[in-house]
Amino acid sequence: MRTETITREIYTFQELSEKAKEKAIEKLLNINLEDQWWEFEYEDAANIGLKLTAFDLDRNKHAKGKFIWSATEVADKIMSEHGNKCETYKTAFNFLNERDTLVRKFSDGISTDIVTEENEYEFDQEADELEEQFLEDILEDYANILQKQYEYLYSEEAIIETIEANEYEFTEDGEQI
């Protein structure tokens, strides 16, 4: 019987040479994209009343989905949940302003927050178009959010954060142990 003991040096990411760090990063390029990385964005959308059903990135960047709630409820939820610097907030703000303008247009001029009965049909037609445009715009916002999230997760910065957070260890040449 023979017993052999092998000793090797183990390094943290920060202890590696620059060349070994590059190799480690290259080997772990998809580390943040292996699971369903988009789930948080889908959950965020559902929280505001939007069901995302599909998306694509890069040159064919788009998102598909539908409102779970009314367009106005979705816009109100965005206004209360998303910060005013978010594109979704700006999109919701613009939609609500345009909808208020539309209500005033079809009011009697006195009660400007109520559509008159004789104007309901025309109002509904224009409101439907406005809501369809809002859905298109908010889906475009989410497509952009998903693209940015993907790009960040694929970035060297995010890969290094994951390596360090998980305390991965390496051989001297950057192979993960």
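Counting begins at 1 with the first residue of the sequence.
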Hey, are the side chains of [X] and [Y] touching, using non-hydrogen atoms and a 4.5 Å cut-off?
X	Y	value
Asp44	His82	yes
Asp173	Leu16	no
Val74	Phe95	no
Phe170	Ile10	no
Asn94	Phe134	no
Phe106	Thr112	no
Ile160	Ile25	yes
Phe55	Gln147	no

For the side chain of [X] and the backbone of [Y], is there at least one donor-acceptor N/O pair under 3.5 Å apart?
X	Y	result
Glu81	Ile78	no
Asn47	Glu43	no
Ser111	Asp113	no

Legend entry - Full working for side chain to side chain contact (heavy atoms under 4.5 Å, CB included) between Ile31 and Tyr168: CA-CA 12 Å; Ile31 189 86; Tyr168 292 159; 3.7 Å; yes

To the nearest 0.5 Å, what is the distance between [atom1] ([X]) and [atom2] ([Y])?
X	Y	atom1	atom2	value
Asn119	Asp108	CG	CG	9.0 Å
Glu156	Lys21	CD	NZ	9.5 Å
Tyr142	Leu52	OH	CG	7.0 Å
Trp37	Leu146	CH2	CG	5.0 Å
Glu41	Glu39	CD	CD	11.0 Å
Leu29	Leu153	CG	CG	12.5 Å

Inset, instruction - List the steps, then state whether side chain to side chain contact (heavy atoms under 4.5 Å, CB included) holds for Leu28 with Gln176. - result: CA-CA 9 Å; Leu28 295 169; Gln176 183 183 0; 3.3 Å; yes

How about [X] and [Y]: does a side-chain donor come under 3.5 Å of a side-chain acceptor?
X	Y	result
Gln133	Glu98	no
Ser107	Arg104	no
Thr88	Asp141	no

Inset, instruction - Check the hydrophobic clustering (I, L, V, M, F, W, Y; side-chain heavy atoms under 4.5 Å; chains of links allowed) and say if Met79 and Trp69 are grouped together. - result: yes

Minimal non-hydrogen separation, [X] against [Y], with atom names:
X	Y	value
Ala20	Glu172	CB-O, 3.4 Å
Ala75	Ala92	O-CB, 3.7 Å
Ala63	Ala143	N-CB, 3.8 Å
Leu57	Tyr150	CD1-CG, 3.6 Å
Glu15	Tyr11	OE1-CA, 3.4 Å
Leu96	Thr72	CD2-CG2, 4.1 Å

Legend entry - From CA spacing to verdict: salt bridge (Lys or Arg N to Asp or Glu O under 4.0 Å), Glu87, Lys90: CA-CA 5 Å; Glu87 288 304 313; Lys90 295 171 188 172; 3.3 Å; yes

Inset, instruction - Validate the cation-pi geometry between Lys51 and Phe67: distance from NZ or CZ to the six-membered ring centre under 6.0 Å, angle to the ring axis within 45°. - result: no

Inset, instruction - Hey, can you tell me if Phe93 and Tyr89 have their rings parallel, tilted or perpendicular (30° and 60° cut-offs)? - result: parallel

Flag yes if more than 12 heavy atoms outside [X] fall under 6.0 Å of its [atom1] atom; otherwise flag no.
X	atom1	value
Glu118	CD	yes
Gln14	CD	yes
Asp35	CG	no
Gln125	CD	yes

Inset, instruction - Take Glu161 and Tyr152 through the test side-chain hydrogen bond (donor to acceptor under 3.5 Å, both in side chains) and record every step on the way to the result. - result: CA-CA 11 Å; Glu161 286 175 6; Tyr152 170 72; 2.5 Å; yes

Legend entry - Stepwise side chain to side chain contact (heavy atoms under 4.5 Å, CB included) check, Leu139 with Leu50: CA-CA 9 Å; Leu139 287 171; Leu50 174 68; 4.2 Å; yes

Legend entry - Lys61 with Glu140: basic N within carboxylate O range, under 4.0 Å: no

Inset, instruction - Applying side chain to side chain contact (heavy atoms under 4.5 Å, CB included), run through Lys23 and Lys27 and close with a yes or a no. - result: CA-CA 6 Å; Lys23 182 177 180 181; Lys27 291 268 188 180; 4.2 Å; yes

